[in-house]
Visitor: 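Below is a structure I'd like to ask you about.
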Amino acid sequence: MDIKKIRNFSIIAHIDHGKSTLADRFLDFTGAITEREKVSQFLDNMELERERGITIKAQTVRLTYNYGGVDYTLNLIDTPGHVDFSYEVSKSLAACEGALLVVDATQGVEAQTLANVYIASDMNLTVVPVINKIDLPSADPEKTKKEIEEVVGLEAGDAILASAKEGIGIKEILEAVIDKIPHPSGDVNAPLKALIFDSWFDSYQGVIALIRVFDGTVVPGDTILLMHSGISYEVQKVGVYSPFMKELNALSAGEVGFIIANIKDSGRFKIGDTITLKNNPTKEPLPDFKEPKPMVFAGIYPIDSDDYPELKDSIEKLKLNDSSFSFEPENSLALGFGFRCGFLGLLHMEIIVERLEREYGLSLISTSPTVLYNIITRKGEVKTALNPMKFPPSEDISMQEVEHIEEPFIKANIYVPSEYLGKIINLCVEKRGRQVELKYITKTRVQLVYELPLSEIVLDFYDQLKSLSKGYASFDYEFSGYRPADMIKLEILVNKDPIDALSVIVHRDKAYARGRNIVEKLRTLIPRQMFEVVLQAQIGSKIIAREEIKALRKNVLAKCYGGDITRKRKLLEKQKEGKKKMKNIGSVEIPQEAFLSILKV
Amino acid sequence: MRELSLYIHVPFCKSKCDYCNFYSIPLTKLKKTYGLNFAELYREFLIKEIRLNVKKYHLENARIKSIYFGGGTPSALPSVFFSGLMEFIEKNFQIAADAEITTEVNPESCDLEKLYGLKALGFNRLSIGVQSFDDGVLKTAGRIHNKNDIYSAVNNAKKAEFGNISLDLIIGLPGQTKNIFLDDINHILGIAPEHISAYMLSIEQGSLFYKIYNDKNCIPAHKSPEFISEEKIADYYIILCEILSGQFYEHYEISNFAKKGYESRHNINYWNRGEYLGLGPSASSFLKLEDGKEVRKTNVPDLEKYIRNISRDNCEDESSLIKKRNSGQNKNEVDFAEILTENDKINEEIFLSLRTSHGINEKRLRELAGNEIIDRFIKEGLMQNFKGNISLTIKGMLLSSEIFARIMV
């Protein structure tokens with residue numbers, strides 16, 4: 001294939017700004033997909049993704065477009081759209097020479113978009129601005145153009161005005177991709193050098209990886225070497241999605257496509273790894289490879305302990321599909337056998353738990369997520385604690401063994417309209433943040449840079465940020481290192497028994513308020529039992545909060561007419577189903593949501 | 001010998017009580033729609049329904065062990081309704097010599113003449129819907145009788161030589177203070193009926209109380225009934241149980257008390273999972289098929305649709321009813337039927353037998369529910385074992401739904 005006729009590009013857009021609809025239009029317009037095959041929003045093909053309207057796994061599609069009598073091959077590379085997945089974004093962008101910046105004409109530029117544009121600029125990608133949703137009455141293309149110029153620093157005078165929904169501007173966009181985005185460069189005759197920018201497990205084909213070939217050619221039968229993993233495989237198939245899977249004889253420099261090598265574990269095809277040929281390797285791997293690193297950790301347990309083997313099996317299977325989460329067996333006094341799992345972020349955690357429940361039909365309890373703390377001993381050893389259960393009780397902290405605790409911090413980039421600045425600064429202070437920078441980007445738009453403890457972000461920072469700014473503030477973050485912090489363990493007791501799965505690690509200054517809030521919240525979530533239940537919060541051996549749930553006195557079927565046994569049985573069956581969603585801790589039945597709810601208080 | 005109970009539903013009332021969510025039609029409307037001889041019309045549909053069911057379930061040779069006329073307000077109907085039906089039943093079935101034949105009566109429609117008539121037709125048990133003896137409480141509940149009506153009904157019943165009288169009481173009607181409730185008990189003890197049914201009030205969806213309870217603004221505040229808390233209702237129930245047991249009433253089922261030998265056979269048949277045929281709109285039946293399958297069905301709760309079904313000979317078989325139901329047809333459009341699974345049968349055995357003081361065989365329950373939970377319930381004072389059987393304590397009866405939901409399979 002003539003490398004000059006190839007364009008590799010992706011779409012940078014905020015959630016809801018119309019990326020998926022635009023991708024659909026490209027498929028229509030280039031005739032890649034027939035009416036019969038059309039599934040709305042083709043690129044988001046996981047059920048969960050479609051429901052949430054966000055892209056989790058990247059997809060790529062090859063389009064053929066005839067422009068000026070010449071057939072061009074356009075590879076659209078989709079990128080994830082959430083702050084939890086910025087490494088994956090950077091690798092998808094690294095496979096491209098250019099990107100469309102799609103901005104909603106009614107909303108303006110959002111922080112996540114900006115963060116991705118910065119990644120694209122760092123990689124010297126050509127960014128083509130597109131202003132979408134111009135059909136809406138509240139659209140303001142001129143203001144949006146100005147904002148793109150001021151906020152992004154990108155010339156937007158000739159930004160394409162489009163409405164993906166109405167099919168306006170699609171031709172112009174495709175032609176701009178060809179005119180403005182450079183064709184890939186690369187040497188077909190050099191040793192193979194290809195980037196893995198996504199991989200997933202397919203039950204029929206094994207692991208499928210999406211790659212961008214920079215140099216050389218890969219054909220089925222080649223023995224490839226994964227440079228970071230140091231493992232070799234024989235290539236079985238290569239090909240492209242157009243949008244349906246299509247096998248090819250080879251993928252060469254400049255091309256984007258899939259590769260299959262009979263691998264059962266997606267962890268082998270690491271995102272960012274470089275593929276070369278074993279007997280003719282390239283000299284240097286591609287830069288900036290990172291091992292996926294979980295940031296938050298939570299316990300996942302089956303409600304019914306008999307389901308443990310099934311959970312184990314399902315987690316192992318899911319891991320094949322998503323190598324970015326980690327798991328190890330864990331044992332809780334309250335919840336029995338389960339797993340401590342690591343996630344890229346909270347959204348990632350929600351997705352994994354939801355997939356386990358939905359795809360594998362399990363009823364699960366996830367405990368409140370926590371971050372990874374370092375415990376520095378007097379001897380200078382660094383121990384990590386990723387589980388509040390294993391965290392030393394607060395009395396021990398002052399004792400000989402522990403010198404101090406360190407917690408992870410992140411650097412947050414926040415964009416906020418100036419009218420909400422005060423509230424957002426207040427929020428950051430409340431969350432133990434330290435201001436690094438405050439910059440007016442325009443007269444009405446402020447960029448804030450804060451260092452914040454990751455644990456506070458894991459809580460409800462994002463929700464609060466959105467609600468305090470009526471949805472206008474946005475942010476992204478990166479890990480910035482460990483700092484000493486006065487963290488202690490807060491335990492929750494149910495009828496005098498400490499429940500390990502309910503304990504949390506909190507900053508000392510916030511312990512009292514958290515303790516009170518948690519037991520109050522639990523009181524509303526735990527239904528009345530046939531006996532009184534006492535809830536307590538405790539630090540060390542000191543009780544700091546207490547609530548009671550009065551015993552239930554009466555639950556008798558009313559006088560429904562005596563002969564209608566069916567109705568009685570159904571009412572009781574319904575109550576029985578309700579009980580199934582509860583976890584028995586001792587004889588107290590605690591609903592699923594109680595465990596996670598302590599996160600939200 | 002195959003034994004069968006008959007339930008005849010009379011879904012007609014002079015006026016609807018505020019706590020009631022049963023299907024019922026005002027008598028005035030009935031007369032307007034069907035004419036003055038509506039009761040005879042209705043009787044003929046019931047007779048036709050019996051015929052259809054006898055044929056379908058091969059009930060020709062069944063012996064009737066109890067007949068129960070419930071409502072609604074059966075006593076609002078003229079005696080021609082009862083005589084015609086009883087005549088038909090006697091002609092077509094063998095009625096056991098000791099059969100219990102009950103009708104529900106309301107205090108306000110309980111004149112002596114009617115009771116003599118019922119007695120002559122073979123009725124041997126009256127269930128009087130007393131609910132409370134306090135005129136204020138009765139009025140708030142939308143009842144159209146008062147204390148005097150109750151006493152004259154009871155006197156008439158005794159005059160007509162009914163030797164088996166049951167009084168219905170509701171625990172926790174709005175405005176029923178503890179003193180009023182204790183008075184209610186005293187009145188009952190004074191009358192000394194053979195049988196007492198006492199139901200704790202629950203605010204049922206579809207009743208006027210439900211509406212008021214959930215929308216405080218739907219009537220003026222000073223007219224709003226003073227609802228009794230669940231805690232208090234539980235206390236009242238315990239008081240009633242203790243007082244009645246001191247008066248030699250056996251607490252033989254969660255809501256039922258009787259002097260020895262006067263337990264309601266009709267109700268016991270429900271709890272023992274005996275067969276019964278329910279007739280009329282919204283009535284339920286339980287029948288065993290020749291292949292061992294067990295069927296529960298409930299007629300459509302709508303008089304017009306009921307009439308349409310019966311006149312079309314439309315006693316559909318279970319599978320077609322089940323199919324209709326599953327296909328999402330409105331539950332008010334078609335009769336309901338189900339064939340019980342083995343699990344259903346076990347669950348019914350558990351929760352029906354545990355409603356009674358007799359309880360369930362301990363070994364069997366432990367096999368079904370597991371030792372751990374049974375031991376726990378005994379330890380917590382919710383269950384007791386006696387002579388190889390397990391039954392609920394009073395505390396357990398109050399929490400019976402909680403308990404059943406945890407031991408059903």
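Not measured: the values here are computed from a predicted model. Numbers restart at 1 for each chain; the letters A, B, ... are given by sequence-line order, proteins then strands.
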Visitor: Does Tyr276(B) use its side chain to pair, donor to acceptor, with the backbone of Gly563(A) at less than 3.5 Å?
Guide: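 Yes, because the side chain of Tyr276(B) sits within donor-acceptor range (under 3.5 Å) of the backbone of Gly563(A).
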Visitor: Counting neighbours of OH on Tyr308(A) that are heavy atoms of other residues, nucleotides or ligands and sit closer than 6.0 Å, is the number greater than 12?
Guide: yes
Visitor: Would you give the length of the straight line joining atom CE of Met408(B) to atom CZ of Arg569(A), rounded to the nearest 0.5 angstrom?
Guide: 8.0 Å
Visitor: Just give me the residue among Arg376(B), Lys395(B), Met397(B) that pairs up with chain A most often, heavy atom to heavy atom, under 4.5 Å.
Guide: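 If we count pairs closer than 4.5 Å to chain A, Arg376(B) comes out on top.
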Visitor: Please look at Ile171(B) and chain A and tell me whether the side chain, the backbone, both or neither of the residue comes under 4.5 angstrom of a heavy atom of that chain.
Guide: neither
Visitor: Measuring heavy-atom distances to chain B, does Lys554(A) have an atom under 4.5 Å in its side chain, in its backbone, in both, or in neither?
Guide: both
Visitor: In terms of heavy-atom proximity below 4.5 Å to chain A, should Tyr19(B) be classed as side chain, backbone, both, or neither?
Guide: neither
Visitor: Looking at side-chain heavy atoms only, is the closest gap between Asn347(B) and Lys576(A) below 4.5 Å?
Guide: no
Visitor: Distance from Arg553(A) atom CZ to Tyr237(B) atom OH, nearest 0.5 Å?
Guide: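 The OH atom of Tyr237(B) is 12.0 Å from CZ of Arg553(A), to the nearest 0.5 Å.
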Visitor: Within a strict 4.5 Å, meaning less than it, do heavy atoms of the Phe286(B) and Ile565(A) side chains meet?
Guide: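 No. Closest side-chain heavy atoms not under 4.5 Å.
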Visitor: Pair Leu557(A), Arg355(B) - check side chain to side chain contact (heavy atoms under 4.5 Å, CB included), show working.
Guide: CA-CA 10 Å; Leu557(A) 281 183; Arg355(B) 288 187 69 89; 4.2 Å; yes
Visitor: In the structure I gave you, are the side-chain heavy atoms of Phe404(B) and Gln575(A) within less than 4.5 Å of one another anywhere?
Guide: no
Visitor: Tell me, side chain or backbone of Ser400(B) under 4.5 Å from chain A's heavy atoms, or both, or neither?
Guide: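 Both parts, backbone and side chain.
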Visitor: A quick test of your reading: do over 12 heavy atoms of other residues, nucleotides or ligands sit less than 6.0 Å from NZ of Lys288(B)?
Guide: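 Atom NZ in Lys288(B) is crowded, with more than 12 foreign heavy atoms closer than 6.0 Å.
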Visitor: Rounded to the nearest 0.5 Å, how far apart are CZ of Arg406(B) and CG of Leu572(A)?
Guide: 11.5 Å
Visitor: Rounded to the nearest 0.5 Å, what's the gap from OG1 on Thr566(A) to CD on Glu348(B)? Could you check?
Guide: 6.5 Å
Visitor: Can you tell which of Leu382(B), Asp235(B), Ile403(B) has the highest number of heavy-atom pairs within less than 4.5 Å of chain A?
Guide: Asp235(B)
Visitor: Would you mind checking which part of Asn269(B) comes under 4.5 Å of any heavy atom in chain A, side chain (CB onward), backbone (N, CA, C, O), both or neither?
Guide: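 Neither part, no heavy atoms under 4.5 Å.
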Visitor: By a 4.5 Å heavy-atom criterion (distance strictly below it), what part of Glu589(A) contacts chain B: side chain, backbone, both, or neither?
Guide: side chain
Visitor: Under 4.5 Å heavy-atom distance to chain A, tell me which part of Leu340(B) shows up: side chain, backbone, both or neither.
Guide: side chain
Visitor: Do Lys550(A) and Glu230(B) meet the salt-bridge criterion of a basic N to acidic O distance under 4.0 Å?
Guide: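 Salt bridge absent between Glu230(B) and Lys550(A).
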Visitor: Is Tyr360(A) atom OH crowded by more than 12 heavy atoms from other residues, nucleotides or ligands, each under 6.0 Å away?
Guide: yes
Visitor: Just checking Lys570(A): does its NZ atom have more than 12 heavy atoms from other residues, nucleotides or ligands closer to it than 6.0 angstrom?
Guide: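 Yes, because the 6.0 Å sphere around NZ of Lys570(A) holds more than 12 heavy atoms from other groups.
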Visitor: Under a 4.0 Å N-O cut-off, is there an ion pair linking Lys579(A) with Glu402(B)?
Guide: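 Between Glu402(B) and Lys579(A) there is a salt bridge, with a charged N closer than 4.0 Å to a carboxylate O.
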Visitor: Could you check whether any side-chain heavy atom of Val556(A) comes within less than 4.5 Å of a side-chain heavy atom of Ile254(B), counting everything from C-beta outward?
Guide: yes
Visitor: Nearest 0.5 angstrom please: Tyr7(B) OH to Asp564(A) CG, how far?
Guide: 10.5 Å
